[in-house]
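This report refers to the structure that appears directly beneath it.
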Amino acid sequence: MKNVFEKLKIIYLLLPLILLMVAVYYPFAANIFVSNTELLDNRVLSPKPVKFSSTFSRDFEQYYNDTFAGRKKLIVKYVKLKQKLKIDTGQYFYGKDGWMFYDSAKVNNGNTVLDYLGTAVWDNEELNQLTEALEKEQAFYEKYGAKYLLMVVPNKENVYAEYMPERLQKIRKSDSSLSDIGIKYLQNNTHIEILDLKPILLAAKTKCPYNIYYKKDTHWNALGAYIAFESLLKSFNKLGIDGSAKPLLSEMITSAGLVGQDMHPTDKDMSYHVVFLDDRSFEKKEVIPNKVIVYENQNPVVDKAILIVGDSFAGEIIPYMAKVYRRVINVPAGIKDLSFYQEIVTEYKPDLVVHELVERYFSRLSNLGKLYESKK
């Protein structure tokens, strides 16, 4: 009996260490069989480094943090616990009247709060770098026969600023974000066609009978996307690409059921359907998972191919576009391999390229110059 008690005592003393070892090494063991392939925030998974370099350890850490087994479930459970306790989750925080917002700087995904506060500025060198980078990108696509358009989607924090927490409203310096300043500079100093959706959506939200962004999600809904789509086709017309859509009317809107919210997994919000060319159909093909999606329309209104290089906000616009154009190709922005984009434009021969990005990513455009210098 004494030996049994001694063994139990040893097990009891070692139990904390065993549990710690399981917690630390379980993800490593689990990754042999499965890994995470989906992020809850709006960015591309960090790639696995394949070459040793001075940044290998940092790059591998970013890759592992994005892909370890159980990452998504762990984050969801953590967020649910904090929400149940009514505690801000760090990257997500509560605003007024049940709205939630995204502090993207907490996960190195842009800076929505800084954009909202209006405290960031450009210096002349940064503006010159921004200009050169976008002119290089425009020249790259024009070399392949495609016209170019930059489309900037506003952060929800700047469209529904009245629902931001009082503590942030009190210290807001300006309603001009980095993108507002950068867009104005580009419009005055380049010939790049730019669609700035912020003033358009700010005007539309006062007329629309429903919200155009979800209350507890970072994204716009189908109504916000349709308003952007209508404006996008007007910009296409300036570039000689046909296509039109009538302004959003209340009779065009029907409910499409409740959908989950990325900032509050246990809550749902109403989604909508906009009646637009519902007699037209298209086929969606995921050519390369998470990289290349092609929409083919056998009976298009306009016989053109459109390439959209963007983030997750493009996802709500594309179904409208796919009803109008013969082919719509969607690829992610931020891939640091120029040959990828070369292969896309060579194979699909788009008539027009839309570089779409949400406002919080705008300052990253300055880094594009490095991409287009990587291959001559």
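Residue indices begin at 1 and follow the sequence shown. As a basis for the values below, the full set of heavy atoms in this structure was taken, side chains included, without hydrogen atoms, waters or symmetry mates.
- Partners of Lys234 under the salt bridge (Lys or Arg N to Asp or Glu O under 4.0 Å) rule, at least two apart in sequence or in another chain, are Glu230.
- Residue pairs meeting the salt bridge (charged side-chain N to carboxylate O under 4.0 Å, His left out) criterion with at least one member in residues 201-228, sequence neighbours excluded, are Glu162-Lys205, Lys216-Asp267.
- Looking only at distances, a side-chain donor or acceptor of Tyr320 sits under 3.5 Å from a matching main-chain atom of Ala222.
- Partners of Asn330 according to the side chain to side chain donor-acceptor pair (under 3.5 Å) rule, which considers only residues two or more places apart in sequence or in another chain, do not exist here.
- Residues Phe313 and Val259 do not share a hydrophobic cluster, clusters being chains of Ile/Leu/Val/Met/Phe/Trp/Tyr side chains in contact below 4.5 Å.
- Distance check, rounded to the nearest 0.5 Å: CE of Met151 to CD of Glu356 gives 5.0 Å.
- For Arg280, there are no side chain to side chain donor-acceptor pair (under 3.5 Å) partners two or more places apart in sequence or in a different chain.
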Please test Val328 against Val294 for side chain to side chain contact (heavy atoms under 4.5 Å, CB included), starting from the C-alpha separation and ending with a verdict.
CA-CA 6 Å; Val328 179; Val294 179; over 6 Å; no

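- The side chain to side chain donor-acceptor pair (under 3.5 Å) test applied to Glu251 returns no partner, not counting sequence neighbours.
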Could you list the donor-acceptor pairs under 3.5 angstrom formed between side-chain atoms of residues 191-203 and any protein atom two or more places apart in sequence or on another chain?
{"from": "Asp196", "atom 1": "OD1", "to": "Lys198", "atom 2": "N", "distance (Å)": "3.3"}
{"from": "Lys198", "atom 1": "NZ", "to": "Ser177", "atom 2": "OG", "distance (Å)": "3.3"}
{"from": "Lys198", "atom 1": "NZ", "to": "Asp180", "atom 2": "OD1", "distance (Å)": "3.0"}
{"from": "Lys198", "atom 1": "NZ", "to": "Asp180", "atom 2": "OD2", "distance (Å)": "2.8"}
{"from": "Lys198", "atom 1": "NZ", "to": "Glu359", "atom 2": "OE2", "distance (Å)": "2.6"}

Could you walk me through whether Met164 and Glu157 pass the side chain to side chain contact (heavy atoms under 4.5 Å, CB included) test, one step at a time?
CA-CA 7 Å; Met164 287 286 277; Glu157 292 73 17; 3.8 Å; yes

Going by atom type alone, with no hydrogens or angles, which donor-acceptor pairs under 3.5 Å involve a side-chain atom of residues 126-136 and a protein atom two or more places apart or on another chain?
{"from": "Glu126", "atom 1": "OE1", "to": "Asp123", "atom 2": "N", "distance (Å)": "2.9"}
{"from": "Asn128", "atom 1": "OD1", "to": "Tyr185", "atom 2": "OH", "distance (Å)": "3.4"}
{"from": "Asn128", "atom 1": "ND2", "to": "Asn124", "atom 2": "O", "distance (Å)": "3.2"}
{"from": "Gln129", "atom 1": "NE2", "to": "Ser366", "atom 2": "O", "distance (Å)": "3.4"}
{"from": "Thr131", "atom 1": "OG1", "to": "Leu127", "atom 2": "O", "distance (Å)": "2.9"}
{"from": "Lys136", "atom 1": "NZ", "to": "Glu373", "atom 2": "OE2", "distance (Å)": "2.5"}

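- Listed by chain and residue number, Glu166 satisfy the salt bridge (Lys or Arg N to Asp or Glu O under 4.0 Å) test with Lys96 (two or more places apart in sequence, or in another chain).
- Atom CD1 of residue Ile306 and atom CD1 of residue Ile308 lie 8.0 Å apart, to the nearest 0.5 angstrom.
- Nearest heavy-atom pair, Trp99 versus Tyr213, reported as atom, atom and distance to 0.1 Å: CH2-O, 4.0 Å.
- Residues satisfying the side chain to side chain contact (heavy atoms under 4.5 Å, CB included) test with Ala204, not counting sequence neighbours, are Ile227.
- In this structure, Leu307 and Val345 have side chains that are in contact, with non-hydrogen atoms separated by less than 4.5 Å.
- Looking at Asn111, its side chain never comes within 3.5 Å of a backbone N or O of Ala105 through a donor-acceptor pair.
- With sequence neighbours excluded, no residue forms a salt bridge (Lys or Arg N to Asp or Glu O under 4.0 Å) with Asp97.
- In this structure, Tyr141 and Val309 have side chains that are in contact, with non-hydrogen atoms separated by less than 4.5 Å.
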Assess whether side chain to side chain contact (heavy atoms under 4.5 Å, CB included) is satisfied between Phe362 and Ile183, documenting all intermediate values.
CA-CA 9 Å; Phe362 193 86; Ile183 289 170; 3.9 Å; yes

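- Formation of a donor-acceptor pair under 3.5 Å by the Asn221 side chain with backbone atoms of Asn211 is found in this model.
- Met270 places none of its side-chain heavy atoms less than 4.5 Å from the side chain of Tyr210.
- Applying side-chain hydrogen bond (donor to acceptor under 3.5 Å, both in side chains) to Tyr102 and the options Asp262, Thr218, Asn109 leaves one that passes, Asn109.
- Taking OG of Ser363 as the reference point, atom CG of Leu114 lies at 9.0 Å (rounded to 0.5 Å).
- Not less than 6.0 angstrom separates the ring centroid of His219 from the ring centroid of Tyr214.
- What you find for Tyr116 and Arg172 is that their closest heavy atoms are O-NE, 2.6 Å.
- Annotation: side chain to side chain donor-acceptor pair (under 3.5 Å) contacts of Lys304 (sequence neighbours excluded): none.
- Side-chain atoms of Tyr148 and Glu137 form a donor-acceptor pair, as typed in the model, at a separation below 3.5 Å.
- With contacts defined as side-chain heavy-atom distances shorter than 4.5 Å, the pair Ser104/Gln91 does not qualify.
- At a threshold of 4.5 Å between non-hydrogen side-chain atoms, the residues Lys147 and Asp351 do not count as touching.
- Remark: side-chain polar atoms of Lys170 are not paired, donor with acceptor, to backbone N or O of Pro165 under 3.5 angstrom.
- Between the NZ atom of Lys156 and the CD1 atom of Ile212 there is a distance of 12.0 Å, given to the nearest 0.5 Å.
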side-chain hydrogen bond (donor to acceptor under 3.5 Å, both in side chains) between His273 and Ser255, worked out
CA-CA 6 Å; His273 170 74; Ser255 62; over 6 Å; no

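- With rounding to the nearest 0.5 Å, the separation of OH in Tyr163 from CD in Gln169 is 11.0 Å.
- When all heavy atoms of Phe282 and Pro319 are compared, the pair lying nearest together is CE2-O, 3.6 Å.
- Within the cation-pi definition used here (under 6.0 Å to the ring centroid, within 45° of the axis), Lys291 qualifies as a partner of Phe340.
- Leu117 is listed as a side-chain neighbour of Val113, based on a closest heavy-atom distance under 4.5 Å.
- Between Phe101 and Tyr92, the distance separating the two ring centers is not shorter than 6.0 angstrom.
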Tell me, with the steps shown, if Leu223 and Cys208 meet side chain to side chain contact (heavy atoms under 4.5 Å, CB included).
CA-CA 9 Å; Leu223 306 184; Cys208 185; 3.9 Å; yes

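- With sequence neighbours excluded, the residues that form a salt bridge (Lys or Arg N to Asp or Glu O under 4.0 Å) with Asp303 are Arg326.
- In this structure, Asp103 contributes its side chain and Phe93 its backbone to no donor-acceptor pair below 3.5 Å.
- No side-chain donor-acceptor contact under 3.5 Å links Tyr226 to the backbone of Pro247.
- When every heavy atom of Asp242 is checked against every heavy atom of Tyr325, the shortest pair comes out as O-OH, 2.7 Å.
- Residue Ala245 comes nearest to Phe229 through the heavy atom pair CB-CE2, 3.6 Å, listed as atom of the first residue, atom of the second, then distance.
- The main-chain N or O of Asn158 is never found under 3.5 Å from a side-chain atom of Asn155 such that the two would form a donor-acceptor pair.
- In this structure, the separation between NZ on Lys246 and CG on Leu233 is 14.5 Å, given to the nearest 0.5 Å.
- Taking all atoms of both residues into account, the shortest heavy-atom contact from Leu352 to Val354 is CD2-CG2, 3.4 Å.
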